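Inspection log for the structure reproduced underneath, given as structure tokens.
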Amino acid sequence: MRPVQVYTIYAGAFIFLPFVAICLRLFGLKKTCRIFRVKLALKQGDETGTSHQGSRQDAEQLYLIVHRVARRLPWKLECLPRSVAICILLRWIGEFGVLRISVKKNDVEIEAHAWVEHSNATLGEQDPLTKGLYPLS
């Protein structure tokens, strides 16, 4: 990523993270995804798209930027608003990411997690499905 583009991503993350969190609370997940044109993959075989060479590094850098910004905001943002913001910013730089959500039922509670896939690989973390989480369908 060019330095100017990195600053733009930081600015976009500061704008989109709070805005996405508010939209999720007001409208819910499906409508928020429609508003921002985020691809929500609910089935295991949904396509994650392809990208040009070198864009995987750009996507990883964007993932790190969003997480840095999220840590500096005055409120805690969970994985869902961060993942939606990552998908939005990926589209902003001309890339394609897919939002994935999975759940795991423990004896006492239900655990959920959201993440982004880019070029058929999970961005910035180990594949959550290997941790016993099941994709929503």
Side-chain angles (χ1 to χ4, degrees):
M1 244 187 259
R2 298 183 320 260
V4 173
Q5 196 173 18
V6 171
Y7 294 127
T8 306
I9 297 300
Y10 271 105
F14 270 109
I15 293 167
F16 282 118
L17 278 166
F19 192 60
V20 165
I22 291 167
C23 286
L24 284 168
R25 193 164 289 262
L26 290 176
F27 306 124
L29 177 61
K30 282 192 175 185
K31 190 166 186 177
T32 300
C33 286
R34 269 197 313 264
I35 290 169
F36 292 111
R37 297 185 344 188
V38 170
K39 168 105 169 104
L40 176 60
L42 294 176
K43 295 184 183 106
Q44 185 67 15
D46 282 351
E47 187 66 31
T48 58
T50 57
S51 59
H52 57 279
Q53 186 178 19
S55 65
R56 178 71 185 173
Q57 292 173 341
D58 291 348
E60 290 286 344
Q61 188 174 5
L62 186 143
Y63 170 89
L64 293 173
I65 289 170
V66 169
H67 281 270
R68 281 185 206 126
V69 169
R71 283 194 307 265
R72 285 166 177 75
L73 292 174
W75 55 89
K76 183 179 179 184
L77 290 176
E78 300 295 334
C79 56
L80 184 58
R82 287 191 315 245
S83 296
V84 172
I86 289 168
C87 286
I88 293 167
L89 292 170
L90 280 171
R91 283 183 63 93
W92 206 16
I93 65 169
E95 293 297 321
F96 183 75
V98 174
L99 176 66
R100 296 234 184 234
I101 299 174
S102 62
V103 294
K104 178 181 180 181
K105 184 178 180 188
N106 294 335
D107 294 335
V108 180
E109 62 187 2
I110 294 176
E111 179 184 339
H113 184 57
W115 70 96
V116 177
E117 286 185 357
H118 176 269
S119 299
N120 296 321
T122 304
L123 272 183
E125 59 185 283
Q126 180 186 1
D127 188 3
L129 297 179
T130 62
K131 299 177 187 173
L133 294 165
Y134 301 102
L136 290 178
S137 57

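Everything numeric in this text was worked out from a predicted model, so none of it was measured.
Proximity of Arg68 to Tyr10: side-chain heavy atoms (C-beta onward) are separated by under 4.5 Å at one or more points.
Considering CZ of Arg91 and NZ of Lys39, their distance stands at 11.5 Å, rounded to 0.5 Å. Leu64 contributes atom CG, which lies 12.5 Å from atom CD1 of Ile9 (distance to the nearest 0.5 angstrom). Note that CG of Leu29 and CD1 of Ile101 are 4.5 Å apart. Values are rounded to the nearest 0.5 Å. Residue Cys33 holds its SG atom at 5.0 Å from CG of Leu40, rounded to the nearest 0.5 Å. Rounding to the nearest 0.5 angstrom, the gap separating the CD atom in Glu111 from the OG atom in Ser102 is 8.0 Å. Considering CD1 of Ile65 and CZ of Phe14, their distance stands at 11.0 Å, rounded to 0.5 Å.
Qualifying ring pair (Phe, Tyr, Trp, His ring centres under 6.0 Å) partners for Tyr7, counting only residues two or more places apart in sequence or in other chains: none. The side chain to side chain contact (heavy atoms under 4.5 Å, CB included) test applied to Ala21 returns Leu77, Pro81, not counting sequence neighbours.
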Checklist entry - Between Glu60 and Leu123, does a side-chain contact (heavy atoms from CB on, under 4.5 Å) hold up when you go through it step by step? => result CA-CA 6 Å; Glu60 290 286 344; Leu123 272 183; 3.6 Å; yes

Checklist entry - Does the pair Ile93 and Gln5 meet the rule for a side-chain contact (heavy atoms from CB on, under 4.5 Å), with working shown? => result CA-CA 8 Å; Ile93 65 169; Gln5 196 173 18; 3.3 Å; yes

Next on the checklist: If you apply the rule side-chain contact (heavy atoms from CB on, under 4.5 Å), what do you find for Trp92 with Leu62, and how did you get there?
Outcome noted: CA-CA 11 Å; Trp92 206 16; Leu62 186 143; over 6 Å; no

Next on the checklist: Could you go through Val116 and Tyr63, starting from their C-alpha distance and side-chain angles, then the distance that decides it, and tell me whether this counts as side-chain contact (heavy atoms from CB on, under 4.5 Å)?
Outcome noted: CA-CA 9 Å; Val116 177; Tyr63 170 89; over 6 Å; no

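Both Ile35 and Leu24 belong to a single network of hydrophobic side chains, linked directly or stepwise wherever heavy atoms of I, L, V, M, F, W or Y lie under 4.5 Å apart. Transitive grouping of hydrophobic side chains (ILVMFWY, heavy atoms separated by less than 4.5 Å) brings Ile22 and Leu17 into a common cluster.
The shortest heavy-atom contact between Leu90 and Gly97 is CD1-CA, 3.9 Å. Residues Cys87 and Leu99 share a closest heavy-atom pair of SG-N, 3.8 Å.
At a cut-off of 3.5 Å, with distance as the only test, no side-chain donor of Glu125 or His67 sits close to an acceptor on the other residue.
Counting only distance, with no hydrogens or angles, the side chain of Arg56 and the backbone of His118 share a donor-acceptor pair below 3.5 Å.
Residue pairs meeting the side-chain hydrogen bond (donor to acceptor under 3.5 Å, both in side chains) criterion with at least one partner in residues 24-37, sequence neighbours excluded, do not occur; the list is empty.
Annotation for Phe19: atom CZ does not count as buried by contact number, only 12 or fewer foreign heavy atoms lying within 6.0 Å.
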